[in-house]
Every structure is written in C-alpha cells, then in structure tokens.
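The structure under discussion appears below in the form of structure tokens.
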Amino acid sequence: MPDLWSELLTCLALRQRPTSPSPGETDVRPAAAVGRPGTGGRRRETLTVYEGASQRLDHGWLYGGQLLAQIVRAAMCACPAKAVKSLHVVFAHEGKGDAPVFYIVQRQHEGRSFATLTVTARQKRDIVATAVVSMHAHEDGPEHQTVADVSEMPGPRHRVQVPLLPWETRSTADLDETGAHPPDYELWMRTPQAPAEFGAALAAYATDLSPIGTALRPLEGVGQSGNGTAFTSATITHSIWFHRAFHTDDWLLLRHHSPLVAHGRCFGKGDIFTADGALVASFAQEGLLRFRP
C-alpha cells in the first residue's frame with residue numbers, strides 16, 4: 001500500500017473539470033444540467049465539476065470517509081467565501097478504488113450569509129453518493145454549550161492503530177473486542193501538520209470509521225473485525241454539522257454513541273471536541289448491519 005497520508009492529501013486536492021466532456025470522455029453532468037428540448041441545451045443551474053483521485057486500498061473499494069472528505073472539499077472549492085456548515089449524504093452505490101470520482105456541484109442558493117449546494121459523486125457510470133451541503137459565512141455572536149466534560153486524554157501507552165487513519169490515535173477501548181460493552185467509544189486523534197483548508201475534510205474522513213463498530217459493542221461474541229465473515233456492514237447515510245473552526249493537527253476527541261440496532265440497520269451519533277472541551281462538530285450515521293445465519 002502507498003503512503004496513506006500523502007495519498008489522502010492528494011485525494012483532497014481536487015481538480016476542476018470542464019462541464020462539457022472532451023471527445024471520448026464520459027459526460028459526468030446530471031441529466032437536469034444538460035438541458036431539455038426547447039432550452040437550447042442551456043444549463044438551468046450554476047454547475048461546477050471537480051475530479052478527485054481515489055485511495056488505492058488493499059480491499060479495492062472506496063472508503064466512505066474519502067467520499068465525505070471530497071464532498072466537503074468540492075463544496076469549499078465551489079463556494080470559497082463560506083465555510084461548510086452541514087452536509088447530509090446518501091451512499092447510493094459501492095465505489096471502486098481503481099478510478100477517480102467526479103463531483104458535480106450545483107448551487108441551489110447563494111446569498112450573503114448562506115448557500116445551499118447539491119453534490120453528486122459519480123464514478124464511471126455509477127452515482128456513488130449524493131449530498132446536500134449548507135454553507136455559512138462567519139458571524140460573531142454569543143457562545144454557549146451544554147455537553148458532558150471531556151475525559152482526560154489517554155497517555156502514549158494507549159496508542160492504537162486504526163485502519164485507514166494515517167495519523168496518531170489513542171483509545172482505552174478496542175472495537176475488535178468480542179465481549180459485551182456499553183455502546184460508547186472515545187477516540188483521540190491528531191493528524192500531521194496539514195493545510196488549514198483541509199481540516200473539515202480530514203475530520204469528516206475520520207467520522208465514517210467507527211459508528212458501526214460502536215453499535216456492535218453490546219453484542220456478545222461480535223467485534224468490528226467480523227465484517228465480511230460474521231456480518232456485512234456499510235454506510236447508508238451520514239450527516240455532519242460543523243459548529244466552530246478547529247485544527248486537526250491539534251488533539252481532537254471523537255465521542256461515539258449508538259442507541260439502536262434493529263431491522264438490519266444500526267444508528268450512531270457523535271461529537272468532536274478539542275482537548276480543552278470545545279464542541280466543534282457533530283455527526284450521525286445510519287448503517288447497514290446484516291448478520292449471517
């Protein structure tokens with residue numbers, strides 16, 4: 001496997017593409033943007049297309065966190081005067097690691113304070129994800145938060161190797177354990193130094209990894225490593241809300257909780273805190289969780 005950190009930074013450096021394909025290229029525009037009879041082929045909405053490289057992972061499929069991170073970057077590139085406030089993503093089709101992903105960004109509304117975008121992620125001829133993204137220009141105002149205090153960060157002996165996270169992580173729990181535990185999980189993380197504009201995307205990348213594993217914790221005899229053998233899992237929908245600015249090369253705590261497993265699905269939610277307890281982002285995920293007979 002190549003250096004995952006360098007490859008991830010490359011994946012976040014999206015390249016703007018023309019909205020009309022060159023000869024021999026696939027038209028990545030959604031049908032609504034191509035035009036309809038009587039319009040002369042004119043687009044009805046402002047549209048931008050970006051291309052993102054895919055991580056070359058051993059298992060060959062796209063990690064959902066890559067799509068989340070690149071959706072954040074596509075929105076920021078299309079609307080640079082504002083920050084991503086929230087995104088709500090539906091994963092439509094399994095992606096592959098052997099091809100780039102094209103992000104078609106349509107501006108539904110853009111005012112002085114807020115903007116709303118839709119982002120369609122396409123790979124080859126498949127739509128792999130669709131997203132609604134809300135953007136907000138910075139505003140000052142009073143601040144208040146009501147959350148449980150942040151626990152003390154574990155020391156260096158609690159360093160863990162988390163697959164797909166190419167940076168330092170610490171935790172006192174192990175999602176691969178098969179004993180029954182409460183459906184909670186805390187993961188501390190700190191990335192190498194990265195461009196400030198990549199911070200939200202890197203955090204989004206990390207939020208996709210542990211919600212399903214957290215949902216499994218109360219189930220005796222099952223751990224996260226059983227995916228593909230004891231059970232099959234995948235992200236169905238994922239939402240993130242960014243509350244405050246932060247830097248991922250400072251320590252962050254991802255606090256997970258899963259209140260439900262039912263009907264072949266699971267639900268989890270979480271918050272992201274700085275080391276001094278500031279709540280900077282929140283996330284929620286619905287996952288597919290099918291157990292094999």
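A side-chain N or O of Gln70 and one of Tyr103 form a donor-acceptor pair less than 3.5 Å apart. Counting only N and O atoms by type, the side chains of Thr229 and Arg292 include no donor and acceptor under 3.5 Å apart. In summary, the side chains of Gln16 and Thr48 do not present any donor paired with an acceptor at a separation below 3.5 Å, with no hydrogens or angles considered.
The backbone N or O of Asp176 sits less than 3.5 Å from a side-chain atom of Asp174, completing a donor-acceptor pair. Using a distance-only test at 3.5 Å, with no hydrogens or angles considered, no donor-acceptor pair links the side chain of Gln285 to the main chain of Pro211. In this structure, Gln106 contributes its side chain and Thr120 its backbone to no donor-acceptor pair below 3.5 Å. In terms of modelled atom types and a separation under 3.5 Å, the side chain of Glu51 and the main chain of Pro100 share no donor-acceptor contact. Distance alone, capped at 3.5 Å, places no donor-acceptor pair between the Arg17 side chain and the Val49 backbone. Side-chain atoms of Thr169 come within 3.5 Å of backbone N or O of Val160 as a donor-acceptor pair. With hydrogens and angles disregarded, no donor-acceptor distance shorter than 3.5 Å links the side chain of Tyr185 to the backbone of Leu254. Side chain of Arg107 to backbone of Ala78: a donor-acceptor contact under 3.5 angstrom is found. With Lys82 contributing its side chain and Gly111 its backbone, the two residues share a donor-acceptor pair below 3.5 Å. A side-chain donor-acceptor contact under 3.5 Å links Arg170 to the backbone of Pro154.
Taking hydrophobic clusters as Ile, Leu, Val, Met, Phe, Trp and Tyr residues chained together by side-chain heavy-atom distances below 4.5 Å, Phe114 does not share a cluster with Val72. Under a hydrophobic-cluster definition in which Ile, Leu, Val, Met, Phe, Trp and Tyr are linked whenever side-chain heavy atoms come within less than 4.5 Å, directly or via other members, Leu164 and Phe198 are assigned to the same cluster. Cluster membership check: Tyr205 shares its hydrophobic cluster with Trp61, using side-chain heavy-atom separations under 4.5 Å among Ile, Leu, Val, Met, Phe, Trp and Tyr.
Considering OG1 of Thr116 and CD of Glu110, their distance stands at 10.0 Å, rounded to 0.5 Å. For the atom pair CD of Glu286 and OG1 of Thr235, the computed distance is 10.0 Å after rounding to the nearest 0.5 Å. In this structure, OG1 on Thr274 lies 13.5 Å from CH2 on Trp251, to the nearest 0.5 angstrom. Note that CZ of Arg190 and CG of Leu253 are 14.5 Å apart. Values are rounded to the nearest 0.5 Å. Interatomic distance, Ile240 CD1 to Lys85 NZ, rounded to the nearest 0.5 Å: 13.0 Å.
By the 6.0 Å contact criterion, NE2 on His181 is enclosed, its count of non-hydrogen atoms from other residues, nucleotides or ligands being greater than 12. Shown here is Asp149, whose CG atom has no more than 12 heavy atoms of other residues, nucleotides or ligands within 6.0 Å. A 6.0 Å sphere centred on NE2 of His263 holds no more than 12 heavy atoms belonging to other residues, nucleotides or ligands.
Evaluation of the ring-ring contact (aromatic ring centres under 6.0 Å, His included) test over residues 267-293, restricted to residues two or more places apart or in two chains, returns Phe231-Phe291, His256-Phe283.
Taking each heavy atom of Pro218 and Pro183 in turn, the nearest pair found is CG-CB, 3.7 Å. Residues Gly97 and Leu62 share a closest heavy-atom pair of CA-CD2, 4.1 Å. Residue Leu14 comes nearest to Gly52 through the heavy atom pair CD2-CA, 3.6 Å, listed as atom of the first residue, atom of the second, then distance. Pro163 and Leu209 make their closest contact through O-CD2, 3.1 Å (heavy atoms, listed as atom of the first residue, atom of the second, distance). Of all heavy-atom pairs between Pro166 and Leu8, the closest is CG-CD2, 4.4 Å. Ser54 approaches Ala99 most closely through the heavy-atom pair OG-O, 2.5 Å.
At a threshold of 4.5 Å between non-hydrogen side-chain atoms, the residues Arg217 and Asp184 do not count as touching. Taking the side chain as every heavy atom from C-beta outward, Phe242 and Ile272 never approach each other to under 4.5 Å. Residues Phe91 and Leu68 meet the side-chain proximity criterion, which asks for heavy atoms closer than 4.5 Å. Counting heavy atoms from C-beta outward, His243 and Ser282 have side chains that approach closer than 4.5 Å. Annotation: side chain of Val84 is in contact with side chain of Met76 (closest heavy-atom distance under 4.5 Å). At a threshold of 4.5 Å between non-hydrogen side-chain atoms, the residues Gln123 and His93 do not count as touching. When side chains are defined from C-beta on, Tyr50 does not count as touching Val119, because their heavy atoms never get closer than 4.5 Å. Between Glu186 and Thr172, the closest side-chain pair of non-hydrogen atoms is not below 4.5 Å.
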